[in-house]
Chemist: 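Sending over a structure as C-alpha cells; questions will come in a sec.
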Protein chains: 4
Amino acid sequence: MLANPVSKPRTKPPGERRDELMTAAERLFLEKGVEQTTIEEITTGAGVAKGTFYLHFSSKADVLQALRSRFVQAVLDGIVATVGRCRQEDWRGKLAAWSTACATGYLDAAGLHHLAFVAAPPATREGLSRNILIDHLSELIADGAGEGAWSADDPGFTAVFLFNALHGIVNQPGIAETPSARAGLLGAIEAHFLRALGLWSGID
Amino acid sequence: MLANPVSKPRTKPPGERRDELMTAAERLFLEKGVEQTTIEEITTGAGVAKGTFYLHFSSKADVLQALRSRFVQAVLDGIVATVGRCRQEDWRGKLAAWSTACATGYLDAAGLHHLAFVAAPPATREGLSRNILIDHLSELIADGAGEGAWSADDPGFTAVFLFNALHGIVNQPGIAETPSARAGLLGAIEAHFLRALGLWSGID
Amino acid sequence: MLANPVSKPRTKPPGERRDELMTAAERLFLEKGVEQTTIEEITTGAGVAKGTFYLHFSSKADVLQALRSRFVQAVLDGIVATVGRCRQEDWRGKLAAWSTACATGYLDAAGLHHLAFVAAPPATREGLSRNILIDHLSELIADGAGEGAWSADDPGFTAVFLFNALHGIVNQPGIAETPSARAGLLGAIEAHFLRALGLWSGID
Amino acid sequence: MLANPVSKPRTKPPGERRDELMTAAERLFLEKGVEQTTIEEITTGAGVAKGTFYLHFSSKADVLQALRSRFVQAVLDGIVATVGRCRQEDWRGKLAAWSTACATGYLDAAGLHHLAFVAAPPATREGLSRNILIDHLSELIADGAGEGAWSADDPGFTAVFLFNALHGIVNQPGIAETPSARAGLLGAIEAHFLRALGLWSGID
DNA sequence: TATGAATGAGATTTCATTCAT
DNA sequence: GATGAATGAAATCTCATTCAT
C-alpha cells in the first residue's frame with residue numbers, strides 16, 4: 001500500500017526474472033520435493049509476487065520442464081567441451097571422455113538429475129529414451145563405427161542402452177561421495193562403455 | 001423385508017476386494033497417470049464406496065507400492081523359471097536367459113513398468129538401484145564369476161548398470177510392436193549383456 | 001482435529017442441506033450483492049465446510065439459478081391460489097387477481113426479485129421473456145379470449161408486455177412502503193392490466 | 001535515428017482513444033458478456049496497452065456506464081426527432097411516434113440495450129425505473145393529459161409501466177428478424193401504448 | 001465390513017490496478 | 001501520453017481423509 005522508498009527496480013529483463021524463478025524452484029524442489037513445493041514458495045524465494053510466476057511459466061510442470069532442459073543442456077555442454085579436446089582420430093578416447101564427462105555432469109548436479117528425470121512426474125516416457133544426450137552419444141557411436149573404430153549394428157540402441165546404464169549408476173544415492181570412490185566409479189563406467197563397443201578395456 | 005435378490009453380496013473376502021482395487025488402480029494409472037487419478041475414481045472403478053479404499057490401503061502411494069511389488073515379483077518369477085531351465089554349468093545361457101526373461105516380462109507388462117519405476121512418485125531413489133531383480137542379477141553375476149565363467153570386479157555395479165540399460169531400452173514407447181522387432185530387440189539386449197561380461201556374442 | 005463432543009449430526013437429508021445453503025446465499029446476496037458474496041461466506045453462513053457447497057451446486061451462478069426458480073415458483077403458487085378463488089366465468093376478476101397476486105408476490109419478496117431478474121448476471125436474455133409466470137399469464141389471456149371475455153390478437157405478446165410492465169413497476173426502489181401506497185399501486189397495476197385487454201376499469 | 005516510418009502515431013486526441021476503447025468494449029461485451037471480458041481484452045481490441053485504459057476510464061463499470069449513456073442518448077435523439085415531426089396538437093400521433101421510435105432504437109441496437117440495462121451489473125436499481133427515456137415519456141403523457149388528449153392519474157407510473165413493457169418486448173431474443181415481423185411488432189406496441197392511455201386503437 | 005456425506009487445508013489461477021520508464 | 005511488467009488480494013475448486021451410521 002505505502003510506497004517503499006528503498007524499493008528495488010520492479011521490472012527486469014524477462015530472461016533474468018525467469019532465471020531467478022527457475023533457480024528458486026530448483027533449490028526448493030531439491031530441498032523438499034516437487035510435490036511439497038508450492039508456487040507461492042517459489043515466488044517468495046525469488047522475491048516476486050505470486051502472479052509474476054504466471055508471466056513466465058504456465059504451471060509447476062512447466063518450470064520443471066525448463067529445469068530439465070537447462071540441466072541437460074549444461075551436461076551436454078560439458079561433454080562437448082571434454083570430447084572436443086580429444087584428437088580427431090582417437091575414438092576410444094572420445095568414447096571414454098563422453099562417459100566420464102556425462103557421469104561427472106550428473107554427479108556434480110547432485111540431486112538435480114534425480115529431480116529432472118526420476119522424481120519428476122514425467123508426462124511422457126520420452127525423457128530417458130530421447131534426449132539431446134542420447135542423440136549426441138548415438139552420433140558419436142555411429143561416427144566411430146563409420147571410421148572403423150568399432151562395429152555397431154544399431155548405434156541408437158547402444159546409445160539408449162549406455163545412457164540408461166550410466167544414468168542408473170550415477171543415480172544411486174550416496175554413490176561417489178569420496179574422491180577415490182568417484183574415480184573408481186568413473187573408471188568402471190568407462191570400462192563398461194568401452195566393452196559395450198567391443199573395445200578391450202584395461203580394467204580387468 | 002426380504003433382501004434385495006439382485007444385489008451382489010456387499011462383503012467379500014479381503015484379498016479379493018484388495019485385488020479389485022489394485023486392478024482398478026492399475027488400469028486408471030496407466031490410462032491417465034498416477035497424479036490424475038483420484039481415490040474416488042479407483043473406488044468407482046472397483047465398484048465400492050470411497051471409504052472402502054481405506055480399509056485396504058492407507059494412501060495412493062500405498063496402492064502404487066503394492067502394484068510395484070506385484071509387478072516386480074511377477075517378473076522375477078518369470079526369470080527364475082526361465083533361468084532354472086538352463087543346465088547348472090551353462091552360465092552364458094543363464095545370463096542370456098536372464099536378460100531375455102526380464103525384457104519379456106517388462107514388454108509384456110506394457111506401460112506398467114514405466115508406472116512402477118518411472119512415473120511413480122518414488123519415495124526414495126531406491127527403485128532403480130535396489131530391488132529384487134537387481135539383487136537376483138547381481139547374485140547371478142557373482143556366482144558366474146566365482147565359477148570362472150567370466151570376471152566381474154563389482155557384480156553389484158554391473159547388475160545396476162545392466163538392469164538400468166535394459167529398463168531404458170524396454171521403456172521406449174512403441175518399441176517391439178511386431179514379433180520380429182521384439183525378437184531383434186531381445187537378441188540385441190542379450191548381446192549387450194554378454195559383452196558387458198566380456199563374453200563374445202555371436203551377434204556381430 | 002479433536003472430536004467435538006457436542007457435534008451436531010454431520011449428515012442431513014440432501015434436500016435440507018441444499019435448502020440451508022440456498023437460504024444463506026439468498027440472505028448474503030441481498031445484504032451485500034451477488035458479486036461481493038464469496039462461496040466461503042455462503043458455507044460459513046450455512047454452517048458447513050467449503051467443499052460441501054460443491055456437493056450441492058456447481059458454482060455461484062448455479063445457486064442463483066436455483067434461487068430464481070424457487071422464487072418464481074413461490075410467486076406462481078400465490079397466483080394460482082388467488083386466481084383459483086375466482087368464479088369460473090369471472091375473467092375480469094381473474095385477470096385482476098393475477099396482477100394483484102403477482103405484484104404482491106414481488107413486493108413481499110423485497111429485493112429478491114431484483115436479485116433474481118436484474119442484479120443477477122443473466123446468462124441468457126430468457127428470464128424476462130420466457131418464464132412460468134409469463135406462460136401462466138399468456139394462458140389466462142388466451143383462455144379469456146376464447147371465452148369472449150376480451151379480444152387478444154397475440155396473447156403471448158400481451159403477456160410479455162404486461163409482465164415486464166408489472167416487473168418494472170414493482171422493481172422501483174422504495175415503492176409501496178406504506179400500506180396505502182401499496183394499495184394504490186396494486187389498484188393502478190390492475191387498472192392498466194384491464195385496460196390492456198380493452199376492459200374498462202373503474203379507476204379513472 | 002529516424003523515427004520508424006511504419007509506426008502509427010502513438011498519441012491520439014483523447015476523445016478518439018476513448019471512443020476506440022468504448023467500441024472495443026461494446027463489441028466484446030456483446031460477444032462474450034461483461035463479466036467474461038477483461039480489461040486486457042478491451043485494450044488489445046483497441047490496439048493499446050493495458051495501462052492506457054486507465055487514462056480514460058476508472059474501471060470496467062465506468063466504460064459500461066459510458067456505453068449506457070451513449071446508447072440511451074442515441075435512442076432519445078431518435079425519439080425527439082420523430083416526435084418533433086408530429087403536429088403540435090396531435091397527441092395521439094406523438095404517443096404512437098414515441099413508442100415506435102423507442103422500439104426502433106432498441107431493435108436497431110440489437111443486444112446492446114440488453115447489455116445496458118439487464119446484463120450490466122447495475123450499481124443501483126435505477127436503470128429501468130429512472131432514466132432520460134422514462135422522463136421524456138412521462139413528460140409527454142403529462143403534457144397530453146394537460147391538453148385533454150387523455151387522462152392520466154399518474155404519468156410517472158404509466159411511463160415506467162410502458163417503458164418496461166416495451167423494453168421487455170424488444171428484449172426478446174430473435175424477435176423482429178424480418179421486416180414484416182418488425183412491422184407487426186411495432187404496430188402491436190403502438191396499439192398497447194394507445195390502449196394504456198385509454199385511446200382506441202385501430203387494431204381490434 | 002461397508003458406506004458416502006462432510007470436511008477443510010491448500011493448491012492453482014485470475015485480473016483489476018499501479019507505476020517506473 | 002503511452003507502456004506493460006509487476007503486484008497481490010481474492011476467488012474458485014479439488015480431493016485425501018474421516019467417521020457416524
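In what follows, chains are A, B, ... by sequence order, proteins preceding strands, each numbered from 1. No hydrogens, no waters, no symmetry mates; every other heavy atom, side chains included, goes into these values.
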Chemist: On the nucleotide E:dA6, are OP1 or OP2 found under 4.0 Å from the side-chain N or O atoms that C:Arg17 carries?
Modeler: yes
Chemist: When you match B:Glu40 and A:Ala49 each to their closest nucleotide on DNA chain F, which lands nearer the 5' end?
Modeler: A:Ala49
Chemist: In this structure, how many angstroms lie between the P atom of E:dA6 and the CD atom of C:Glu20, rounded?
Modeler: 9 Å
Chemist: Taking only the side-chain heavy atoms of A:Leu55 (C-beta and beyond), determine which of E:dT17, F:dA6, E:dT12 contains the nearest atom.
Modeler: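 Among E:dT17, F:dA6, E:dT12, the one nearest the side chain of A:Leu55 is F:dA6.
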Chemist: So, for A:Arg17 and A:His56, which heavy atoms are closest and what is the spacing to 0.1 Å?
Modeler: CB-NE2, 3.6 Å
Chemist: With DNA chain E as reference, determine whether D:Ser59 or B:Gly51 sits nearer its 5' end, using the nearest nucleotide of each.
Modeler: B:Gly51
Chemist: For B:Glu40, is there any backbone N or O sitting under 3.5 Å from a side-chain donor or acceptor partner on B:Thr43?
Modeler: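 Yes.
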Chemist: Would you mind classifying the nucleic acid contact of A:Thr52 as base, sugar-phosphate or nothing, using non-hydrogen atoms under 4.0 angstrom?
Modeler: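 Base: the residue A:Thr52, judged by heavy atoms under 4.0 Å, touches a nucleobase.
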Chemist: Check the phosphate of F:dA16 against B:Lys60, side-chain N and O only, distance under 4.0 Å to OP1 or OP2. Yes or no?
Modeler: yes
Chemist: Distance check needed: E:dT1 C1' versus B:Phe53 CZ, whole Å only.
Modeler: 17 Å
Chemist: Hey, what do you get for CZ (B:Phe57) to CD1 (B:Ile39), rounding to the nearest 0.5 Å?
Modeler: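 Taking CZ in B:Phe57 and CD1 in B:Ile39, the distance rounds to 10.0 Å.
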Chemist: Mind calculating the distance between CD (C:Glu35) and C1' (E:dC15) to the nearest angstrom?
Modeler: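 In whole Å, E:dC15 C1' lies 13 Å from C:Glu35 CD.
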Chemist: E:dT12, F:dT7, F:dT12: which one has an atom nearest the side-chain heavy atoms of C:Thr38?
Modeler: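 So the side chain of C:Thr38 is nearest to F:dT12.
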Chemist: Given the rule that a pair is Watson-Crick or G-U wobble with both distances under 3.5 Å, how would you write DNA chain F in dot-bracket, using | for pairs to a different strand?
Modeler: .||||||||||||||||||||
Chemist: Contact class for D:Thr43 (heavy atom, under 4.0 Å): base, sugar-phosphate, or nothing?
Modeler: nothing
Chemist: Mind running side chain to side chain contact (heavy atoms under 4.5 Å, CB included) on B:Glu26 and B:Met22 for me, showing each step along the way?
Modeler: CA-CA 6 Å; B:Glu26 182 177 307; B:Met22 283 174 70; over 6 Å; no
Chemist: Below 3.5 Å, can you tabulate the donor-acceptor pairs from side chains in residues 58-65 of chain A to any protein atom, sequence neighbours excluded?
Modeler:
residue: A:Ser58; atom: OG; partner: A:Asp62; partner atom: OD2; Å: 3.3
residue: A:Ser59; atom: OG; partner: A:Ala61; partner atom: N; Å: 3.4
residue: A:Ser59; atom: OG; partner: A:Asp62; partner atom: N; Å: 3.3
residue: A:Lys60; atom: NZ; partner: A:Val34; partner atom: O; Å: 3.1
residue: A:Lys60; atom: NZ; partner: A:Thr37; partner atom: O; Å: 2.9
residue: A:Asp62; atom: OD2; partner: A:Ser58; partner atom: N; Å: 2.9
residue: A:Gln65; atom: OE1; partner: A:Arg68; partner atom: NE; Å: 3.1
residue: A:Gln65; atom: NE2; partner: A:Ser69; partner atom: OG; Å: 3.3

Chemist: Using atom CG of C:Leu21 as one end and atom P of E:dA5 as the other, report the distance to the nearest whole Å.
Modeler: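 Spelled out: CG on C:Leu21 to P on E:dA5 is 14 Å.
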Chemist: For the residue pair A:Arg27 and A:Gly45, what are the closest heavy atoms and their distance?
Modeler: NH2-CA, 4.0 Å
Chemist: Take atom P in E:dT1 and the same atom in F:dT21, then report the distance between them in whole Å.
Modeler: 22 Å
Chemist: On DNA chain F, check which nucleotide each of C:Lys50 and A:Lys50 is closest to and give me the residue with the more 5' one.
Modeler: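 The answer here is A:Lys50.
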Chemist: So, is B:His56 near the phosphate of E:dT1, with a side-chain N or O under 4.0 Å from OP1 or OP2?
Modeler: no
Chemist: Supply the atom-to-atom distance D:Thr23 OG1 to D:Ile42 CD1, rounded to the nearest 0.5 angstrom.
Modeler: 11.5 Å
Chemist: If you only use heavy atoms from C-beta on, which nucleotide in F:dT17, F:dT3, E:dT17 is closest to the side chain of D:Ile39?
Modeler: E:dT17
Chemist: Would you mind reading off the distance between A:Asp62 atom CG and E:dT12 atom P, rounded to a whole angstrom?
Modeler: 13 Å
Chemist: For B:Ala24 versus B:Ala46, what's the shortest heavy-atom pair and its separation?
Modeler: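 Taking B:Ala24 first and B:Ala46 second, the nearest heavy atoms are CB-N, 3.9 Å.
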Chemist: Report which part of the nucleic acid C:Ser58 touches: base, sugar-phosphate, or nothing (heavy-atom distance under 4.0 Å, all strands).
Modeler: sugar-phosphate
Chemist: To the nearest angstrom, how far is B:Leu28 atom CG from F:dA16 atom P?
Modeler: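 B:Leu28 atom CG is separated from F:dA16 atom P by 12 Å.
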Chemist: Over how many whole Å does the gap from C:Glu41 atom CD to F:dC13 atom P extend?
Modeler: 16 Å
Chemist: Using whole Å, report how far CZ of C:Arg18 lies from C1' of E:dA6.
Modeler: 17 Å
